[in-house]
Amino acid sequence: MAITFGLGNVVATKSVWELIDSNPEFSKFVTLCLSRYIANDWGELPEEDWKLNDESVKNGERLLASYQIPEYIEEVFEDRLWIITEWDRSVTTLLLPGDY
């Protein structure tokens, strides 16, 4: 698999880091999401947002992906993990919708 865009520094909000640290299932889920993300799998987004991201990879625009958090992962009170890479590819942020 060829990586088609840079991630820059990968950072996470405090709530995501706390879940990664305390919840092994969530940590595995985050790793899976990042693997999907760098493979240009944008998760559960509408088709037009997939197309926008595909174009943004080529044109250097901001990228956004959204991944449904499985119900079997306990102690997570949000239903999605978002991953956002800034247009200049300087930083990729992992966050929950409530962190936005």
Q: Please check if the side chain of N23 supplies one atom and the backbone of L19 the other of a donor-acceptor pair under 3.5 Å.
A: no
Q: Could you point out which residue of V10, L63, V91 forms a side chain to side chain contact (heavy atoms under 4.5 Å, CB included) with T85?
A: L63
Q) Between atom OH of Y67 and atom CG of D79, what is the distance when rounded to the nearest 0.5 Å? A) 15.0 Å
Q. In terms of hydrophobic clusters joined by side-chain contacts under 4.5 Å, are L32 and V30 together?
A. no
**Q.** Cluster check I73, V16: I/L/V/M/F/W/Y, side chain < 4.5 angstrom
**A.** yes
Q) Would you find a donor on one side and an acceptor on the other, under 3.5 Å apart, between the side chain of E61 and the backbone of N53? A) no
Q) Do any N or O atoms from the side chain of E25 and from the backbone of Y72 form a donor-acceptor pair under 3.5 angstrom? A) no
Q | Linked, directly or transitively: L96 and I84 (ILVMFWY side chains, under 4.5 Å) | A | no
Q.
Given 3.5 Å as the limit, does a donor-acceptor pair link the side chain of N40 with the main chain of D54, or not?
A. no
Q) Would you call E48 and K51 a salt bridge, using N to O less than 4.0 angstrom? A) no
Q) Cluster question for you: counting only ILVMFWY and a side-chain heavy-atom cut-off of under 4.5 Å, with indirect links fine, are F29 and F77 together? A) no
Q: Report yes or no: do Y37 and T92 form a side-chain donor-acceptor pair below 3.5 Å?
A: no
Q) From C33 SG over to I69 CD1, what is the distance, rounded to the nearest 0.5 angstrom? A) 8.0 Å
